[in-house]
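Here's the structure, in structure tokens; my notes come after.
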Amino acid sequence: MKVLVTGGMGYIGSHTCVELLERGMDVVIVDNLCNSKAQARERVAAITGKSPLFYQLDVRDVEALAAVFRIHTFDCVIHFAGLKAVGESVEKPLLYYDNNLNATINLCRVMDRFGCRNIIFSSSATVYSPDNQLPLTEQSRVGDCSNPYGWTKYMGEQILRSMAQADPRWSVVLLRYFNPVGAHESGDIGEDPRGIPNNLMPYISQVAIGRRERLSVFGDDYPTPDGTGVRDYIHVVDLARGHVAAIDYLMSHKGTEAFNLGTGVGYSVLDMVKAFETANHIEIPYQIAPRRAGDLPEVYADPSKSAEILGWTAQHTLEDMCRDSFRWQSKNPQGYDG
């Protein structure tokens, strides 16, 4: 089984490459390194004893991507490549629409051209409408997204659905992630955001090692038990293993199917702070800041469809998430740069 992983040097992509390699699959990565580091490949190789092939290119570059397909015959593609910061997408919507949608369109064109029509799409819980009842199931209403990032994932799903409807040779799995956190237990790969982190756990971790003075908690007046936003946090290794489970389904089913990858449990920002402090025996100073545009009060999954059809459930605990995050950050205070 040969798998092309777009964006495979990134946070979720690198952890997924580890799981694929450890299951004996051949892995080829393409990544433009705009939000990732080439060192991730060396770390993946150190963990698995196998070095994935890597081509530095932008998936929007059709001819560069086609050159990779001329060299390799792929059984399937896992498509991670894309920008992912909710707040940044509100500030720079055209950047997100251009990058995320054109990457998906061009990838599918090249795949079709070379006869590879099996794709797993890195989607998001942000595709769900804000007015749904919780927990969110795959039948919950989608659209009316609260930010441009969410719209790019919604539109990406629609592009893939339409393509599979038009051509029954396609197999498409849409994996709707909730909130990935944590790191590989080795501490060798993890989340390494550029600049100020947009996501909660790397921000907490950077405060813990002294890179940041204190955590900013964006809003404490949401209609939640402690006023801070509630999310379904899932360990990145569990998320990566969800992709391996999805490959088995993908290769034996045509058409399009969506699956939630989450734990089914929501934790508030302050819950996460307390859990991190308890797991790592360290205090995390924080301050309350204004709400961020595009954030919702509460989001968590019903992952039962993934359990029933993919045979996948999240195995890591909240303590695992906090401990593994801090191990990665402690071992790599400046991320992959040191």
Side-chain angles (χ1 to χ4, degrees), residues 2-8 10 12-13 16 20 28 30-31 58-62 65-66 68-69 74-84 89 96-129 136-145 147-178 239 242-262 301 305-306 309-310 312:
K2 181 173 281 192
V3 184
L4 175 66
V5 183
T6 73
I12 303 171
T16 300
L20 297 172
V28 177
V30 296
D31 197 310
D58 193 310
V59 179
R60 291 173 293 176
D61 186 337
V62 172
L65 187 61
V68 176
F69 275 78
F74 296 110
D75 296 290
C76 69
V77 174
I78 303 179
H79 181 33
F80 293 109
L83 301 174
K84 63 175 187 175
S89 79
Y96 273 68
Y97 289 121
D98 173 37
N99 189 90
N100 293 4
L101 297 182
N102 284 325
T104 300
I105 292 168
N106 289 341
L107 173 62
C108 290
R109 283 175 172 158
V110 173
M111 289 176 65
D112 192 57
R113 178 171 155 192
F114 288 90
C116 175
R117 300 182 180 90
N118 303 312
I119 184 170
I120 296 172
F121 179 57
S122 169
S123 192
S124 166
T126 56
V127 303
Y128 291 114
S129 302
L136 295 166
T137 74
E138 291 82 357
Q139 299 305 311
S140 297
R141 194 168 73 86
V142 295
D144 192 24
C145 303
N147 55 74
Y149 166 72
W151 278 116
T152 68
K153 292 301 184 182
Y154 171 82
M155 293 175 188
E157 287 195 3
Q158 291 303 114
I159 289 166
L160 293 168
R161 284 186 186 278
S162 298
M163 187 179 58
Q165 288 170 354
D167 185 344
R169 294 175 295 177
W170 279 87
S171 298
V172 177
V173 169
L174 312 171
L175 296 182
R176 294 171 178 167
Y177 310 160
F178 281 69
L239 189 64
H243 293 76
V244 177
I247 287 178
D248 294 336
Y249 178 88
L250 181 79
M251 301 307 292
S252 59
H253 294 80
K254 299 297 182 185
T256 306
E257 202 68 49
F259 296 95
N260 286 338
L261 294 184
K305 181 179 176 181
S306 293
I309 297 177
L310 300 181
W312 171 91

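Worth saying up front: this structure is predicted, and the values here are computed from it rather than measured.
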What one should report as the nearest heavy-atom pair of A66 and V110 is CA-CG1, 3.9 Å
Return the minimal non-hydrogen interatomic distance between A246 and V173, and the atom names on each side. CB-CG1, 4.1 Å
D112: partners by side-chain contact (heavy atoms from CB on, under 4.5 Å), with sequence neighbours left out: R117, D167, R169, W170
Interatomic distance, CG@L174 vs CD@Q158, rounded to 0.5 Å, equals 9.0 Å
Quick one: do the N102 and N106 side chains pair a donor with an acceptor below 3.5 Å? no
Is there a side-chain contact between F121 and T104 in this structure, where contact means two heavy atoms from C-beta onward sitting under 4.5 Å apart? yes
What is the minimum heavy-atom distance between F74 and V3, and which atoms define it? CD2-C, 3.9 Å
Main-chain N/O of V30 paired to T6 side chain as donor or acceptor, under 3.5 Å: no
Just how far is it from atom CH2 of W151 to atom OH of Y97, taken to the nearest 0.5 Å? 7.5 Å
Which label fits F80 and H243: parallel for a plane angle under 30°, tilted from 30 to 60°, or perpendicular past 60°? tilted
Could you pull out the closest heavy-atom pair between V59 and A103, with the gap in Å? CG1-O, 3.5 Å
With the side chain counted from C-beta on, respond yes when D75 and N118 share a heavy-atom pair under 4.5 Å apart, and no when they do not. no
Go through T152 and S89 one step at a time and tell me if the side-chain contact (heavy atoms from CB on, under 4.5 Å) criterion holds. CA-CA 10 Å; T152 68; S89 79; over 6 Å; no
Enter the distance from R176:CZ to E157:CD here, rounded to the nearest 0.5 Å. 4.0 Å
Look at the side chain of N100 and the backbone N and O of K153, then say whether any donor-acceptor pair between them is shorter than 3.5 Å. no
Does a side-chain heavy-atom distance below 4.5 Å link L20 with I78? yes
Between G262 and A301, the two heavy atoms sitting closest are CA-CB, 4.3 Å
Just by modelled atom types, is the W312 backbone N or O under 3.5 Å from a matching donor or acceptor in the S306 side chain? no
Any side-chain to backbone donor/acceptor pair from K2 onto V28? Under 3.5 Å, distance only. no
Pairwise distance CG(L310) to CG(L261) - rounded to 0.5 angstrom: 7.5 Å
Distance (rounded to the nearest 0.5 Å) between R113 CZ and L65 CG: 9.0 Å
T256 vs L160, test: side-chain contact (heavy atoms from CB on, under 4.5 Å). Steps then yes/no. CA-CA 8 Å; T256 306; L160 293 168; 5.7 Å; no
Taking atom CZ of F114 and atom CZ of R109, what is their separation to the nearest 0.5 Å? 14.5 Å
May I have the step-by-step check of side-chain contact (heavy atoms from CB on, under 4.5 Å) for N260 and F178, ending in yes or no? CA-CA 8 Å; N260 286 338; F178 281 69; 3.7 Å; yes
Assign the ring pair Y249 / H253 to parallel, tilted or perpendicular, where the plane angle (0 to 90°) is split at 30° and 60°. parallel
Are L250 and S171 close enough that some pair of their side-chain heavy atoms sits under 4.5 Å apart? yes
Minimum heavy-atom distance D31-G10, with the two atoms named: OD2-N, 3.7 Å
Check whether any side-chain heavy atom of R161 lies under 4.5 Å from a side-chain heavy atom of V172, and answer yes or no. no
Backbone N/O of T137 and side chain of Y128: donor-acceptor pair under 3.5 Å: yes
Give the intermediate values and the outcome of side-chain contact (heavy atoms from CB on, under 4.5 Å) for residues L107 and I119. CA-CA 10 Å; L107 173 62; I119 184 170; 3.9 Å; yes
Heavy-atom side-chain contact between I247 and C76 under 4.5 Å: yes
